[in-house]
Chemist: 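Shown below is the structure under consideration.
Counting begins at 1 with the first residue of the sequence.
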Amino acid sequence: QVQLVESGGGLVQAGGSLRLSCAASGSSFRINVMGWYRQAPGKQRELVASIPSSGRTNYAESVQGRFTISRDNGKNTVSLQMNSLKPEDTAVYYCHVRITWTYNLAREFDHWGQGTQVTVSS
């Protein structure tokens, strides 16, 4: 069982900053990719940023240069620093991990956090 606990959402004015954090707990798994997705009302869930175990980051074009993703492999945590926030960043943000179980490295599994609301007012 993999559990993801998110923190850090909230309400902020446009131009402000927020930091999201997510901690993965459990045993007997290896985390390959950690990331953040978001879903705004009436829209599909979309990738915001991801970071594989290699550390090479990937960002949605809409957040490039404003958001920074980082991970701590020793603590199984991933964070998203969000600067220069815009009203269009308003969404529920979901932590995502792709893992393999140590007893079956051939398959990958996706796990999601419960989501945290980010609201940016204009």
Chemist: How many angstroms lie between atom CD1 of I69 and atom CD1 of I51, to the nearest 0.5 angstrom?
Modeler: 6.0 Å

Chemist: Checking R71 side chain against P52 main chain: does a donor-acceptor pair fall under 3.5 Å?
Modeler: yes

Chemist: Do W112 and Y37 have their ring centres less than 6.0 Å from each other?
Modeler: yes

Chemist: Within the 4.5 Å heavy-atom criterion, are F67 and D89 side-chain neighbours or not?
Modeler: yes

Chemist: Hey, what do you get for CG (L11) to CD (Q13), rounding to the nearest 0.5 Å?
Modeler: 8.0 Å

Chemist: Going only through I, L, V, M, F, W and Y residues with side-chain contacts under 4.5 Å, is there a path from M82 to Y59?
Modeler: yes

Chemist: Which heavy atom of A40 sits nearest to which heavy atom of A91, and what is that distance?
Modeler: N-CB, 3.8 Å

Chemist: So I31 and S53, side-chain contact (heavy atoms from CB on, under 4.5 Å) or not? Walk me through it.
Modeler: CA-CA 7 Å; I31 300 177; S53 54; over 6 Å; no

Chemist: Would you check if the side chain of T90 reaches a backbone N or O of V120 as a donor-acceptor pair within less than 3.5 Å?
Modeler: yes

Chemist: Looking just at side-chain N and O atoms, do T119 and Q117 make a donor-acceptor pair shorter than 3.5 Å?
Modeler: yes

Chemist: Is there side-chain contact between H111 and L4, with heavy atoms separated by less than 4.5 Å?
Modeler: yes

Chemist: With a 3.5 Å cut-off and no angle check, do the side chains of S17 and N83 form a donor-acceptor pair?
Modeler: yes

Chemist: Is there a path of hydrophobic side-chain contacts, each under 4.5 Å between heavy atoms of I, L, V, M, F, W or Y residues, that connects L20 with V33?
Modeler: no

Chemist: Looking only at heavy atoms, which two atoms of S62 and R38 are closest? And how far apart?
Modeler: OG-NH2, 3.3 Å

Chemist: For V5, which fellow cluster members are found when Ile, Leu, Val, Met, Phe, Trp and Tyr are connected by side-chain heavy-atom distances below 4.5 angstrom, either directly or through intermediates?
Modeler: none

Chemist: Can you tell if the side chain of L80 reaches within under 4.5 Å of the side chain of T68, non-hydrogen atoms only?
Modeler: no

Chemist: With a 4.5 Å cut-off on side-chain heavy atoms, are L47 and N58 touching?
Modeler: yes

Chemist: What orientation do W101 and F29 show, parallel under 30°, tilted 30 to 60°, or perpendicular over 60°?
Modeler: perpendicular

Chemist: Is it true that a side-chain atom of E6 and a backbone atom of C22 form a donor plus acceptor pair closer than 3.5 Å?
Modeler: no

Chemist: Evaluate side-chain contact (heavy atoms from CB on, under 4.5 Å) for W36 paired with V78, printing each intermediate quantity in order.
Modeler: CA-CA 9 Å; W36 292 92; V78 61; 3.8 Å; yes

Chemist: Can a donor-acceptor pair be found, under 3.5 Å and without considering hydrogens, that links the side chain of R66 to the backbone of S84?
Modeler: yes

Chemist: Is the cationic atom of R45 (NZ for Lys, CZ for Arg) positioned less than 6.0 Å from the six-membered ring centroid of Y94 and within 45 degrees of its normal?
Modeler: yes

Chemist: Measuring only between side-chain heavy atoms, which start at C-beta, is D110 closer than 4.5 Å to H96?
Modeler: yes

Chemist: Starting from V92, can I reach V97 by hopping between I/L/V/M/F/W/Y residues whose side chains sit under 4.5 Å apart?
Modeler: no

